[in-house]
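Structure first, then comments.
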Amino acid sequence: QVELVESGGGLVQVGDSLRLSCAFSSSQYTFRNYHMGWFRQAPGKEREFVASITLNGGMNEYADPVKGRFTISRDNGKNTVYLQMNSLKPEDAAVYYCAARYYIANDYHFWGQGTQVTVSS
């Protein structure tokens, strides 16, 4: 009953920036009741956590490889979560997924289809 749609991926050069967006759509559930996260998966590797943001955007968390370069944010009026990616590196290349976690749940339950980020070497 929740659809998450990522957008904004593309092909960039080392050092470039991208902003990913994830739109939350549901007739049953309310976006502001969900913590949101970004994950990524490179070919042949496991999916890894990138960043998360709490219900009202008050607390953000980041994986070590992206700290200082990526910023997660959300607009509850637009039902959208963003990932601003700066100073991109080749190792950032992956399919990026957004996910939603109900505020009293331990696991992310809803996932998007992913958007591809490619960084030239």
So, for Ser120 and Pro90, which heavy atoms are closest and what is the spacing to 0.1 Å?
O-CG, 4.3 Å

Does a side chain donor of either Asn86 or Ser17 reach within less than 3.5 Å of an acceptor in the other side chain?
yes

Can you find a side-chain donor-acceptor pair between Tyr82 and Arg19 that sits under 3.5 Å?
no

Using a 3.5 Å distance criterion without hydrogens, assess whether the side chain of Thr115 forms a donor-acceptor pair with backbone atoms of Gly9.
yes

For Ala94 and Gln116 the tightest heavy-atom approach is O-OE1, 3.3 Å

Using modelled atom types and a 3.5 Å cut-off, is there a donor and acceptor pairing between side-chain atoms of Tyr62 and backbone atoms of Ile72?
yes

If you measure only the distance, is there a donor-acceptor pair under 3.5 Å linking the side chains of Gln113 and Glu6?
yes

Decide yes or no for Phe70 and Leu88: does some side-chain heavy atom of the first lie under 4.5 Å from some side-chain heavy atom of the second?
yes

Working to the nearest 0.5 Å, report the span between CZ of Arg32 and OG1 of Thr54.
15.0 Å

Please determine whether side chain to side chain contact (heavy atoms under 4.5 Å, CB included) holds for the pair Tyr108 and Ser52, giving the CA-CA distance in whole Å, both sets of side-chain angles, and the decisive distance to 0.1 Å.
CA-CA 11 Å; Tyr108 289 91; Ser52 65; 3.5 Å; yes

Pair Tyr97, Phe39 - check ring pair (Phe, Tyr, Trp, His ring centres under 6.0 Å), show working.
CA-CA 5 Å; Tyr97 301 90; Phe39 297 78; 8.7 Å; no

Do any N or O atoms from the side chain of Arg74 and from the backbone of Phe31 form a donor-acceptor pair under 3.5 angstrom?
yes

Check the angle between the aromatic planes of Tyr29 and Phe110 and answer parallel, tilted or perpendicular using the 30° and 60° thresholds.
tilted

As an exercise, state the distance from OG1 of Thr30 to CG of Asn79, rounded to the nearest 0.5 Å.
8.5 Å

Quick check on the hydrophobic clustering: are Ile53 and Tyr102 connected, directly or via other members, by side-chain heavy-atom contacts under 4.5 Å?
yes

Among the clusters formed by ILVMFWY side chains lying less than 4.5 Å apart, do Leu11 and Leu20 turn up in the same one?
no

Report the distance from atom CD of Gln84 to atom CZ of Arg69, rounding to the nearest 0.5 Å.
12.0 Å

Is Arg40 positioned over the aromatic face of Tyr96, cation under 6.0 angstrom from the ring centre and no more than 45 degrees off axis?
no

Between OH on residue Tyr103 and CG on residue Leu55, distance to nearest 0.5 Å:
8.0 Å

Let me see the working for Val50 and Leu83 under side chain to side chain contact (heavy atoms under 4.5 Å, CB included), right down to the final yes or no.
CA-CA 9 Å; Val50 176; Leu83 185 68; 4.2 Å; yes

Pairs where residues 56-121 contributes a residue and the test disulfide bond (SG atoms under 2.5 Å apart) is met, not counting sequence neighbours
Cys22-Cys98

Mark yes when over 12 heavy atoms from residues, nucleotides or ligands other than Gln13 sit less than 6.0 Å from its CD; otherwise mark no.
no

Let me see the working for Phe24 and Tyr34 under ring pair (Phe, Tyr, Trp, His ring centres under 6.0 Å), right down to the final yes or no.
CA-CA 10 Å; Phe24 177 107; Tyr34 288 84; 5.5 Å; yes

In Å and rounded to the nearest 0.5 Å, what is the CG to CG distance from Asp16 to Asp92?
11.5 Å

Thinking salt bridges, do Asp64 and Lys67 make one under a 4.0 Å N-O criterion?
yes

Find out if a path of hydrophobic residues (ILVMFWY) with successive side-chain heavy-atom gaps under 4.5 Å connects Val2 to Val81.
yes

Decide yes or no for Val117 and Leu18: does some side-chain heavy atom of the first lie under 4.5 Å from some side-chain heavy atom of the second?
yes

Joint hydrophobic cluster, Val95 plus Val119, side-chain heavy atoms closer than 4.5 Å:
no

Any donor-acceptor N/O pair, Asn56 side chain to Gly58 backbone, under 3.5 Å:
yes

To the nearest 0.5 angstrom, please state how far the CD atom of Gln41 sits from the CZ atom of Arg47.
7.5 Å

Please report the shortest heavy-atom distance between Leu4 and Ala99, naming the atom on each side.
CD1-CA, 3.8 Å

